[in-house]
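In what follows, every heavy atom counts, from backbone to side chain, and hydrogens, waters and symmetry copies are set aside. Just so we're on the same page: letters track the sequence lines, and every chain starts at 1.
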Number of protein chains: 2
Amino acid sequence: MTTFRGVNSLAEENYLKALFNLAGESGVVNVNELSRHLNIKMPTVTSMMKKLSAKNLVHYESYKPLKLTEEGEKRAAAIIRKHRLTEMFLVEKMGFGWEQVHDIAEQIEHIQSPLFFEKMDELLGFPKFDPHGSPIPDKDGKINWKEFHKLSDCKPGEEVILGAVINNSSEFLQFLNSRDLRLGLSISILSVESFDKTMVVHYENHPAETLSHTVCERLLVDKQ
Amino acid sequence: MTTFRGVNSLAEENYLKALFNLAGESGVVNVNELSRHLNIKMPTVTSMMKKLSAKNLVHYESYKPLKLTEEGEKRAAAIIRKHRLTEMFLVEKMGFGWEQVHDIAEQIEHIQSPLFFEKMDELLGFPKFDPHGSPIPDKDGKINWKEFHKLSDCKPGEEVILGAVINNSSEFLQFLNSRDLRLGLSISILSVESFDKTMVVHYENHPAETLSHTVCERLLVDKQ
DNA sequence: AATATTTGTTAGATATATCTAACTTTATAA
DNA sequence: TTATAAAGTTAGATATATCTAACAAATATT
Ligand SMILES: [Mn+2]
Ligand SMILES: [Mn+2]
Ligand SMILES: [Mn+2]
Ligand SMILES: [Mn+2]
């Protein structure tokens, strides 16, 4: 029994996803960046890029930055859709904490079964965001980008809503848990230390919580 | 990022599972049988058996039948446990039909996350059987074999309970659906055609349903 | 018992995905 | 503007999992 894979191998899927996630405004990614992100040596990345280029999923030219083709972008978005739906399902329907779901979703995102993910989507009521506030691409790969600000860019006196977190590492999320910080929370900025940009904020029954710049940079908020 | 696999590769896991599933009373399996079942050529099977033998998961000697070691049996049972828990979860918690779940479970059984399957087990209330009536191995790999009889071995006048199905193919299960045949059903045997062993049975609001020997051989029943 | 068939093994090829070492191109700093 | 560093490529090796062709052993048939 040849284990059924879709059109792309598991390795290919992970490259596509990484290209999508690393692409900023410009939509381009360097070989080096990709190499570091995937923890795969540059020559290996180069050869995979040639392969994906032959499949018309990546625009590749020697020494130039990498860019997904339209089709490549679609495939990548489909995988990210599966990842984020899975995370939502694990949290909402299976009782996992937001700090536990990424590693499982990293595997389940490769399952080949449109029906499986449609069922998830349906049971979840067609969610638009994952448990970390990241948007879930729709079936056509379109993403509904919300205009968030970094908490670190806000000023004292502002009142904001925590909408998303940038770093999804278990450690970071556990830190947030320990301070009762979760999505949807209304936060007031009391003061900012000009020396190291540390913030003192108030929310719920935390009258004065001190958050480092490193943390504030990773919290995305809505200025309502 | 090296996709995390446990101690065994995906290919190895599929061989272990096949060895477990094909092992009858004696617990042994031939290279040829395994080859046919997995749809992989015999030389490939031989070389994998040498590899698994080196890892002490299979007893392998040239020209002798194959047998899982105690450790190999444990690993296989763990995968089958994940397969069957998954099938149960898909049916009970996600609303799939019993004819839809096998192919999805075939993929999810390879997910590496003890917590994920423990959660499933818990949410399901620690089930002992999967949606097709097959026993779910416990965490130590022990299987609670139930003493079923083939419906085809029963006699007219007997009243039995449908406990399990042998063939899990989507086609067979859809056939059963079309006749309202499902686990737990009480069936009375009305007559058996001696020529071709076709049975006429009665159950629920089906006063006289005719079932071929091929079908009856694949239905396991409890004589209560 | 001799022959034919089936089963299993060996040897060698292929595809995928990775690596290291050596070299080239591009970017940065003196 | 040359020298140095960083980024990227090429070439060749390795590991896994598969295949086909050829041969050998075990089993079944005459
Ligand atoms: Mn994630
Ligand atoms: Mn992944
Ligand atoms: Mn199954
Ligand atoms: Mn499988």
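- By the 4.0 Å N-to-carboxylate-O rule, B:K17 lies close enough to B:E109 to be salt-bridged with it.
- Using the six-membered ring where Trp is involved, B:W98 and B:H132 have ring planes that are parallel, under 30° apart on the 30 and 60° scheme.
- Note that CG of A:L52 and NE2 of A:H59 are 12.5 Å apart. Values are rounded to the nearest 0.5 Å.
- A cation-pi arrangement, defined by a distance under 6.0 Å to the six-membered ring centre and an angle within 45 degrees of its axis, is absent between B:K50 and B:Y60.
- In this structure, the separation between CD1 on A:I40 and CE on A:M48 is 7.5 Å, given to the nearest 0.5 Å.
- Rounded to whole angstrom, the span from the NZ atom of A:K41 across to the P atom of C:dT16 amounts to 23 Å.
- One interatomic measurement links the two molecules: CE of B:M49 to C1' of D:dT18, which rounds to 14 Å at whole-angstrom precision.
- Proximity of A:Y15 to the phosphate of C:dT18: a side-chain N or O atom is located under 4.0 Å from OP1 or OP2.
- Computed from coordinates, the B:K55 NZ to D:dA15 C1' distance equals 12 Å when rounded to whole Å.
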Between protein and nucleotides 4-10 of chain D, what N or O pairs are separated by less than 3.5 Å?
unit_1	atom_1	unit_2	atom_2	d
D:dG8	OP2	A:N32	N	2.5
D:dT9	OP1	A:Y60	OH	2.2
D:dT9	OP1	A:Y63	N	3.3
D:dT9	OP2	A:T46	OG1	2.6
D:dT10	OP2	A:K50	NZ	2.2

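- A straight line from CD1 of A:I40 to P of C:dC19 spans 6 Å, rounded to a whole angstrom.
- For the pair B:M48 CE and C:dT10 P, the interatomic distance rounds to 17 Å; values are reported in whole Å.
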What side-chain donor-acceptor pairs closer than 3.5 Å can you find for residues 121-129 of chain A, not counting sequence neighbours?
unit_1	atom_1	unit_2	atom_2	d
A:D121	OD2	A:R81	NH2	2.9
A:K128	NZ	A:F126	O	3.2

